[in-house]
Amino acid sequence: MCGIIGYVGSRECRDLLLEGLQRLEYRGYDSAGLSLVTNGAVGSVHAVGNLQNLRDALARSNGHLKGSTGIGHTRWATHGRVTEANAHPHWDTSERFHIVLNGIVENWTELRDRLKAQGAEFTSETDAEVVAHLIASHFDGDLVEAVRLAYNDLRGHYAFVAMSADEPDVLVGARKECPLVVGLGDGESFIASAIPAFMSETRNVQLVHDGEIVAVTPTGSRFISPDGTAIEREVDRVDWNDEQAEKGGYETFMLKEIHEQADAVAETIADRTARPDGVDLPELDDELLRDCRRIVIVACGTSYHAGLIGRYAIEEWARVPVEMDIASEYRYRNPIVGPGDLVIGITQSGETADTLAAMRLARERGAKVIAVTNIMGSQATRDADGVVYTRAGLEISVAATKTFVAQVAAIYLLGLKLAELRHALEPAELESLVNELKSIPHRIEMLLESCSDQVREIARQHHHREFFLYLGRHIGLPVCLEGALKLKEISYIPTEAYAAGEMKHGPIALLDSSRPVVCVATDMPVLDKVLSNISEVKARGSEVIAVATEGSGHVAATADQTIFIPRTDWILQPILAVIPLQLLAYNIAVYRGLNVDQPRNLAKTVTVE
Ligand code: AGP
């Protein structure tokens, strides 16, 4: 998740672009850059690290870099290391076409080879650079047309903005799933990944919809479709205050991040599922995955719950035995681990002390270690033999949401890769699972659309309750554990999550009409058992709120309230089923008037033992 911004107008725009990047830094901050059109040419400055380094690099350019048309970028590396050469903007061989891109170009290697054969000289390791060369290869005097043709050659999940020395008064943007917005000022225009990037300059906004191309000039904008058809677009007036702007117009960071989950999953899987018949994890050595005899997953809190879902996926798809443990227990129980074992440490921050210690212990005893983390360069990346990055962007709210679904997506990728390398799945089944996984981002968006009001109403009815029981079985249990943790974390309500099969061995005594039961009853091999548990609970007078797969009339017939999630493969259901539970916890905390972004007694990263 990177941040992009562009300006075209009459003002000197270097500082305007830097201001905009400052407001987009939550999207990525490992390197940054600017390009500006100056006297018929385009100048550019890159810097590794945060924006201050870019400011210093610009200062060293002694003000040479200036202009009233420019583009800027703050990076969260996915393709290519964190270097100056890999920072954006990127340009073509003539250095006359510059682009900034957020997202991932899936077919970049084939495009790069084609363009190289036509004489293009590449200066970076990134996927994004192909866009600059592609536009140059299509340019015939009209930048908009060149971008349109390039857009039709590209595959992936991205948004980009292009600029050319030959047409200094126009910026051309294109959107394929990743966010892009236009800001219309008086004799000037902006284009960016998010409204806060230019909101201090104008509040007249036009949203760029998926699959659209837009040309912005100082006097306005022109929207077209990939086949060149003109598109009308209304101008909206944004009345957010600065705090709201930082939260992207949402009331809290947690709600903003819940709505960034489709993007977080799409970015995490994009290039890794470019092949329809398998998964690519070039950052890992295949042998490591093919030859390991056993997998051990260690993690804490929400990351532990992602690991639990991973255990079901890996054992079911790849038939590799998976041991799972809470890191703070694993590190002290003198575990049996060694050569031939693959230990996966899941940690969004990459700094959680117990998880790091568990990873180090396993490595000392001869196991190979992989880290699944969201933070580039974090300690976990240094304590591992391989790293699979989730790409959720910076998560500010203490309660993890988008990093959780990105972790589950990453562990699904690992499970499918293991299955592919071990020929544990029929090719057709593997292909269908990869396809289903690619549909998850869209399904998350549909689900947020379809269930938000219903969940808010359920929360209104139950926010005064003093205890909740979450019940689930099989792959539904980790979803319950995560839903219960979210409720505990931000509403402070005592909550228990339990394997439904265990209920009659004790917890059933907790039930009465004042204690609602949240039940994960999505399609899975033991759904009928879950249904009988719901009946058991109902018999004790408790109200049942169920999460079920769309079309599950029998669940809706048994539970008091049922929240439906889109249908997909049963092992992929948890990545969707958790979302209504995040929203339930969120809305209950809001109804109780609590600070959901900074709950009491909790820190975002637990670096202490
Ligand atoms: C989750 O909402 C919490 N913030 C907490 O349980 C968290 O998951 C845990 O501390 C692990 O953090 P990590 O993923 O950064 O290692």
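Ligands are counted one by one from 1 in listed order, and the atoms in each one are counted from 1 as well.
- The salt bridge (Lys or Arg N to Asp or Glu O under 4.0 Å) analysis of residues 356-377, with sequence neighbours excluded, yields the pairs Arg360-Asp383, Arg363-Asp385.
- Counting only heavy atoms from C-beta outward, the side chains of Phe404 and Glu482 approach each other to under 4.5 Å.
- Sorted by first and then second residue, the pairs that involve residues 488-500 and meet side-chain hydrogen bond (donor to acceptor under 3.5 Å, both in side chains), not counting sequence neighbours, are Lys486-Glu489.
- If you check each of Pro599, Gly301, Ala299 against atom 6 (O) of ligand 1, the one with the closest non-hydrogen atom is Gly301.
- Less than 4.0 angstrom separates some heavy atom of Ala399 from each of these atoms of ligand 1: 2 (O).
- For atom 14 (O) of ligand 1, the closest non-hydrogen atom of the protein is Ser303 OG, 2.5 Å.
- Scanning all protein heavy atoms for the shortest distance to atom 4 (N) of ligand 1 gives Val398 O, 2.8 Å.
- On a distance-only criterion, Lys486 and ligand 1 share at least one N/O pair closer than 3.5 Å.
- In this structure, the protein non-hydrogen atom closest to atom 10 (O) of ligand 1 is Val606 CG2, 3.8 Å.
- Heavy-atom contacts from other residues, nucleotides or ligands closer than 6.0 Å to CZ of Arg81 number 12 or fewer.
- Salt-bridge formation is detected for the pair Arg592/Glu466: a Lys NZ or Arg NE/NH1/NH2 atom is positioned less than 4.0 Å from an Asp or Glu carboxylate oxygen.
- Protein heavy atom nearest atom 3 (C) of ligand 1, with residue, atom name and distance: Glu489 OE2, 3.4 Å.
- Counting only heavy atoms of the protein, atom 11 (C) of ligand 1 lies nearest to Cys300 O, 3.4 Å.
- Looking at Val520, Ile475, Ile565 one by one, the single match for side-chain contact (heavy atoms from CB on, under 4.5 Å) with Pro574 turns out to be Ile475.
- Ring orientation note: the planes of His474 and Trp570 are nearly perpendicular, at an angle over 60° on the 30°/60° scale.
- Of the protein's heavy atoms, Thr352 OG1, 2.5 Å lies nearest to atom 16 (O) of ligand 1.
- Residue, atom and distance of the protein heavy atom nearest to atom 5 (C) of ligand 1 are Thr302 N, 4.3 Å.
- Ranking the protein heavy atoms by distance from atom 15 (O) of ligand 1 puts Ser349 OG, 2.6 Å first.
- Ligand 1 has no nitrogen or oxygen under 3.5 angstrom from a nitrogen or oxygen of Ala603.
- Taking every non-hydrogen atom of Ala400 and a distance limit under 4.0 Å, the qualifying atoms of ligand 1 come out as 1 (C), 2 (O).
- Ion pairing between a basic and an acidic side chain is recognised when a charged N comes within 4.0 Å of a carboxylate O; Glu315 and Arg319 show no such pairing.
- Closest heavy-atom contact between Met254 and Ser397: CB-OG, 3.4 Å.
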